[in-house]
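Heads up, the thing below is written out as structure tokens.
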Amino acid sequence: MPVLIVIPARYASTRYPGKPLVGLKGANGLEKSLIQRSWEAACAVPGDPRVVVATDDDRIRLAAQAFGAEVVMTSESCANGTERCAEAYDALGGGFDIVVNLQGDAPLTPAWFVEELVAGLRADPVAEVATPVLRCDGQTLNALLADRRAGRVGGTTAVFGQDRKALYFSKEVIPYTGRTYADDAETPVFHHVGVYAYRPSALAAYPRWAAGPLEQLEGLEQLRFLERERPVLCVEVEARGRQFWELNNPEDVPRIEAMLIGMGVE
């Protein structure tokens, strides 16, 4: 059965209002909105998935339709992207065996991250949710630590057991390591990539659960699954020379633009 990729996007972000419509310049100097770049990343995934933007805001709807995206309108009451994906899935009438949440602030997500994520979930009969993790090199780890020292919420990190099931996700840098790493050195820290693949049954259950204390403290939607003791599979992916970063703060715009230019992404 086909895969559905949902790109949840809301205008009223607490940390960065209007973030989906922020412009990002590529290697050719032309500016595209964050939501368009995220949509293009989703459309690059092989296998002909159905790709939709899910939003509650007409400004985002109009912008997305202007560059050719299919849009599903969802309610303002959605607390996070997973709830918005669940609502979009229902609105489309189901019929997909896996639903992918490619968050609208992750325009640098390579297609193979999603491919390997879907393959990992299909290969694990126990897991109900899967998410990619990327081992940090020293440069990425140092950038995460610099954000925390500056009081900025940067990327999320993940720790998992030998069975690759998630133990915890945090906006702090975990696990702690007191070592200093060269930019090209391998580190024990894994950057959580903001993409999820759900089985429809897990996605349907999620909105019925109240947010637990860990989800509320960290502001991380995936912790709701862990607090309900639902297994989340961490699928390790490789960068293959690509840089990855999410747009969380205004300070991330020049960082992501530099990465787009450096990788030749127009």
Side-chain angles (χ1 to χ4, degrees), residues 1-8 38-39 41-54 72 80-106 108-135 155-169 190-209 215 220-240 242 244 246:
M1 295 179 71
V3 171
L4 173 66
I5 300 179
V6 181
I7 306 171
S38 298
W39 176 77
C43 290
V45 176
D48 195 29
R50 186 172 179 179
V51 179
V52 302
V53 172
V72 177
N80 54 44
T82 300
E83 291 190 7
R84 203 171 299 282
C85 285
E87 203 170 288
Y89 178 79
D90 287 342
L92 293 170
F96 300 88
D97 62 341
I98 291 179
V99 181
V100 174
N101 171 354
L102 194 155
Q103 300 193 73
D105 57 6
L108 299 177
T109 305
W112 62 87
F113 281 19
V114 180
E115 281 187 285
E116 293 175 12
L117 178 65
V118 170
L121 184 59
R122 282 182 168 150
D124 189 323
V126 175
E128 299 180 86
V129 185
T131 193
V133 293
L134 181 64
R135 186 183 291 273
T156 298
T157 56
V159 291
F160 46 86
Q162 292 183 354
D163 61 356
R164 295 287 169 175
K165 299 302 189 297
L167 299 174
Y168 197 62
F169 298 90
F190 283 86
H191 189 175
H192 173 239
V193 180
V195 185
Y196 305 94
Y198 319 96
R199 300 193 194 280
S201 57
L203 189 61
Y206 185 92
R208 299 197 296 267
W209 301 329
E215 178 187 352
L220 295 175
E221 63 200 272
Q222 67 271 34
L223 291 176
R224 195 179 306 184
F225 289 108
L226 295 187
E227 291 188 82
R228 294 282 174 162
E229 299 183 350
R230 298 298 182 101
V232 176
L233 177 68
C234 290
V235 178
E236 185 174 355
V237 293
E238 295 183 358
R240 303 184 194 175
R242 285 282 299 268
F244 177 80
E246 295 167 353

Practice prompt. Decide salt bridge (Lys or Arg N to Asp or Glu O under 4.0 Å) for Arg199 and Asp97; before the verdict, give the C-alpha distance in whole Å, the side-chain angles of both, and the deciding distance to 0.1 Å.
Written response: CA-CA 6 Å; Arg199 300 193 194 280; Asp97 62 341; over 6 Å; no
Fill in: Stepwise side chain to side chain contact (heavy atoms under 4.5 Å, CB included) test for Leu226 and Val232
CA-CA 7 Å; Leu226 295 187; Val232 176; 3.9 Å; yes
Worksheet item: Where do Arg240 and Arg242 land on the side chain to side chain contact (heavy atoms under 4.5 Å, CB included) test, with the steps shown first?
Response: CA-CA 6 Å; Arg240 303 184 194 175; Arg242 285 282 299 268; 5.6 Å; no
Fill in: Derivation of the salt bridge (Lys or Arg N to Asp or Glu O under 4.0 Å) call for Arg224 and Glu215
CA-CA 6 Å; Arg224 195 179 306 184; Glu215 178 187 352; 2.8 Å; yes
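Once rounded to the nearest 0.5 Å, the distance linking CG of Leu134 with CD of Glu238 reads 9.0 Å. With rounding to the nearest 0.5 angstrom, the CG atom of Leu203 is 7.0 Å from the OG1 atom of Thr82. Distance check: Gln222 CD to Asn101 CG gives 10.0 Å after rounding to the nearest 0.5 Å. The distance from atom CD1 of Ile98 to atom CG of Leu4, rounded to the nearest 0.5 Å, is 11.0 Å.
The pair Arg122-Glu116 fails the salt-bridge criterion, with no side-chain N (NZ, NE, NH1 or NH2) lying under 4.0 Å from an Asp/Glu carboxylate O.
Applying the side chain to side chain contact (heavy atoms under 4.5 Å, CB included) test to Asp124 and every residue at least two apart in sequence or in another chain returns Val126, Ala127, Lys165, Leu233. Every residue two or more places apart in sequence or in another chain that forms a side chain to side chain contact (heavy atoms under 4.5 Å, CB included) with Arg135 is listed here: Glu186, Phe190, Glu236. Residues that satisfy the ring pair (Phe, Tyr, Trp, His ring centres under 6.0 Å) test with Phe225, not counting sequence neighbours, are Tyr206, Trp209. Contacts of Glu221 classified as salt bridge (charged side-chain N to carboxylate O under 4.0 Å, His left out), with partners at least two apart in sequence or in another chain: none. The ring pair (Phe, Tyr, Trp, His ring centres under 6.0 Å) check on Tyr89 picks up nothing, with sequence neighbours excluded. Residues satisfying the side chain to side chain donor-acceptor pair (under 3.5 Å) criterion with Thr156, sequence neighbours excluded, are absent altogether.
Here the shortest heavy-atom pairing between Ala54 and Arg84 reads O-CD, 3.2 Å. Contact record, Leu121 with Ala197: CD2-O, 3.6 Å, taken as the closest heavy-atom pair. The nearest pair of heavy atoms linking Phe244 to Val193 is CZ-CG1, 3.4 Å. Contact record, Val72 with Ala91: CG1-CB, 3.9 Å, taken as the closest heavy-atom pair. The minimum heavy-atom distance linking Ala166 with Cys234 is given by the pair CB-SG, 3.8 Å. Scanning all heavy atoms of the two residues, the minimum distance from Glu246 to Gly194 falls at OE2-N, 2.7 Å.
Using a 4.5 Å cut-off on side-chain heavy atoms (C-beta onward), Val51 and Ile7 make contact. By the 4.5 Å heavy-atom criterion applied to side chains, Thr131 and Phe169 are counted as neighbours. Side-chain contact between Val6 and Leu102 is absent, with no heavy atoms from C-beta onward closer than 4.5 Å.
For the side chain to side chain contact (heavy atoms under 4.5 Å, CB included) with Ile5, the lone residue among Pro49, Cys85, Cys43 that qualifies is Pro49.
Between the Arg164 side chain and the Phe160 main chain, no donor and acceptor come within less than 3.5 Å of each other.
Note: Tyr196 and His192 have tilted aromatic rings, judged against thresholds of 30 and 60 degrees for the angle between ring planes.
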